Structure formats: C-alpha cells, structure tokens
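Structure, as structure tokens:
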Amino acid sequence: SVASAADILTPTSMDRASFLAEASSGAFDGCTVAYRTFESFSVTGKVDAELLSALPPSLRFICHNGAGYDQVDVPACTARGIHVSNTPSAVDDATADMGMFLLLGALRNLAVGMASLRTGHWRGATPPALGHDPQGKVLGILGMGGIGRNMAKKALAFGMKIRYSNRTRLEPAVEKEIEAEYVDFKTLLAESDVLSLNLPLNPSTRRIISSDEFAAMKKGITIVNTARGGVMDEAALVEALSSGKVSSVGLDVYEEEPKVHPGLLENPRVMLVPHMGTYTVETHQKMEEWTISNVAMALESGRLQSIVPEQSEM
Ligand SMILES: O=C(O)C(=O)CO
C-alpha cells in the first residue's frame with residue numbers, strides 16, 4: 001500500500017496565503033508526490049507558477065483526483081519538470097448520467113414544477129409549459145471524449161439523433177457504434193435541438209459558447225453543461241434565455257463556483273445542480289482508486305498511469 005511505501009504529509013492550511021507560507025517554511029520538503037482533490041481549490045486556489053515555486057524542488061508528480069484538471073496550470077508544471085495525472089474514464093458513466101438527467105429535466109421543465117410543489121402550490125398558479133420529448137430530436141455533443149461518447153450511447157436509447165463536433169474525428173467503427181454523425185462547429189450550433197457541452201476547459205475552449213454562438217443556434221434550443229462553467233459565457237446565456245433563443249437549460253457547472261449568476265438562479269427554465277456529476281459512492285471510489293494507483297506508480301517506477309495528454313511526450 002501507499003502508506004507503507006511512503007510517509008504521508010497532510011497540509012494543515014485553510015487558505016492560499018497560509019498554504020504558501022506552510023510550503024515555504026519547508027513543511028513539505030522531500031515530498032515527491034502530491035495527491036490533489038478538486039475541493040482543494042477552495043483552499044489553495046489554482047496550482048500555478050506562484051504555488052509551484054513555494055513547493056519543494058523534490059516534488060515531481062501531482063496526481064489529481066478528477067477528470068478535468070483546469071485548476072492545474074499544466075505548462076507551469078511542465079516547466080518545472082512536474083508530471084500531472086488525472087482520472088479519465090472513471091467519471092464517464094456518472095457524468096453522462098447527470099447529463100441525461102439534466103437533458104430530460106430541462107426538456108420537461110421539471111425545475112418549475114418541482115419548485116412550486118415544494119412551496120405547497122402543486123404545479124403552481126401558472127403551470128409550467130408543456131415539455132418536449134427527446135425522441136427524434138438532434139443532440140449536438142461538443143467534445144467527444146469518454147463522457148461525450150458515453151452520453152451519446154445513452155441518448156441513443158432515448159431515440160435521439162446524435163451529431164458531434166470535436167478536434168479530431170472518431171474512428172469510423174466508433175462513430176458507427178454510437179450512430180454519431182461528425183459535423184463542423186457551425187453546423188452543430190445551427191442544427192441541434194439540444195446542445196451538450198462535454199469538452200475540457202483550457203485556453204482554447206474558454207467561453208467557446210458566447211453571444212455569437214447563441215445567435216447561430218436554432219430558436220428554442222436546450223443547453224446542457226456538465227463540463228466546466230468556463231466553457232460558456234454565463235452572462236450571454238442569461239441574455240439568450242431572456243430573448244427566447246434558448247428555451248431551457250440544465251447546468252451542473254458554473255463559471256465561478258460556488259457562485260451562480262443571479263439570472264440563472266431566478267429563471268425557472270434553468271435546472272440547476274451544484275456540481276454533483278461524479279457525486280456517487282461508486283464513482284468516487286473509482287476516482288480514488290485511479291488517483292492512488294497513479295501515486296503508487298509514481299513512487300514505484302517514477303511514471304504515471306494516466307499522464308495528462310499535454311505531457312504525453314514527457
Ligand atoms: O472529475 C471532474 O472533473 C469533476 O468535475 C468532478 O469531480
């Protein structure tokens with residue numbers, strides 16, 4: 001086990017300034033591997049050049065527990081010779097399940113009915129508008145990695161037509177299996193009835209969906225985001241909801257978690273979940289096992305099981 005293979009240090013700081021001070025005091029000297037959680041962002045902030053320079057030069061590996069690693073500045077890690085791993089595939093089912101829940105909930109205006117029921121008003125003084133069935137609708141998937149492909153399979157079972165846009169096209173056999181048609185970004189925007197965001201957040205995807213993209217969409221589109229809030233311009237989304245361009249939304253992620261844009265909070269056509277895409281016993285277990293096996297491999301062989309793609313040549 002890792003516990004017998006290494007000494008384990010647990011930082012005690014509760015904010016970035018004290019973490020920087022704790023690191024600079026030599027508390028972590030000699031440490032070679034860091035196990036990092038998504039939640040640690042609220043304590044340390046981003047793992048960037050400043051944070052790395054406070055950490056000891058012995059640090060060679062950062063094993064992140066999560067699929068998305070936008071909280072870690074990978075080029076800054078590369079520059080210091082620090083290898084970074086994430087937990088791909090472990091999150092696919094749970095995140096795609098959340099995507100389907102939000103997709104169905106948004107199409108059916110469930111948030112409206114659920115909120116009025118809880119205030120003792122059954123379906124409300126003004127009942128929610130009739131929803132829409134997924135059957136026969138075009139689901140546009142932006143970002144066709146493990147989560148996108150998993151969601152495509154699930155949406156297929158609901159009778160949806162799958163289109164996708166991605167940096168690279170899938171192998172024909174994979175496309176065939178999930179009955180997904182490859183289209184360019186513009187076509188995806190113009191022809192989707194539902195758009196699901198399944199791409200990582202990085203400098204080239206930040207706010208990839210903003211005013212111009214909403215303008216290019218079909219009127220009445222439903223948007224689902226289980227990726228990262230930062231891939232969409234929240235203020236532009238609020239605008240697109242009030243103009244009627246976007247008819248309903250399902251969100252698990254936000255630009256500045258835990259803050260949520262007031263225009264989303266007050267709009268009953270938005271189904272909101274507080275970043276719970278992987279929040280299950282089974283998936284957390286898979287993610288922890290994946291992260292720990294990266295730690296173990298780093299200790300034993302100086303390599304990582306799932307190094308992030310930006311460092312695949314490292
Ligand atoms: O794995 C991730 O990237 C998540 O957002 C959930 O922890």
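As the structure is a prediction and not an experimental result, all values here were calculated from the model. Both counts, for ligands and for their atoms, begin at 1 and track the order of listing.
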- request: Would you mind checking which non-hydrogen protein atom is closest to atom 2 (C) of ligand 1, with the distance to 0.1 Å?
  value: Ala67 N, 3.4 Å
Heavy-atom nearest neighbour in the protein, as seen from atom 7 (O) of ligand 1, with distance rounded to 0.1 Å: Thr278 OG1, 3.4 Å
Atom indices of ligand 1, in the order listed, that fall short of 4.0 Å to a heavy atom of [X]:
X      : answer
Val91  : 1 (O)
Met287 : 1 (O), 7 (O)
Arg228 : 2 (C), 3 (O), 4 (C), 5 (O)

With no hydrogens and no angle check, do the side chains of [X] and [Y] hold a donor and an acceptor under 3.5 Å apart?
X      : Y      : answer
Ser85  : Gln305 : no
Glu234 : His261 : no
Thr87  : Asn65  : no

query: Side chain of Arg108, backbone of Gly131: donor and acceptor closer than 3.5 Å?
result: no
field: Donor-acceptor pair, side chain of Thr37 and main chain of Ser40, under 3.5 angstrom
entry: yes
Nitrogen or oxygen atoms of Phe38 and ligand 1 under 3.5 Å apart: no
- prompt: Under 3.5 Å between some N or O of ligand 1 and some N or O of His275?
  reply: yes
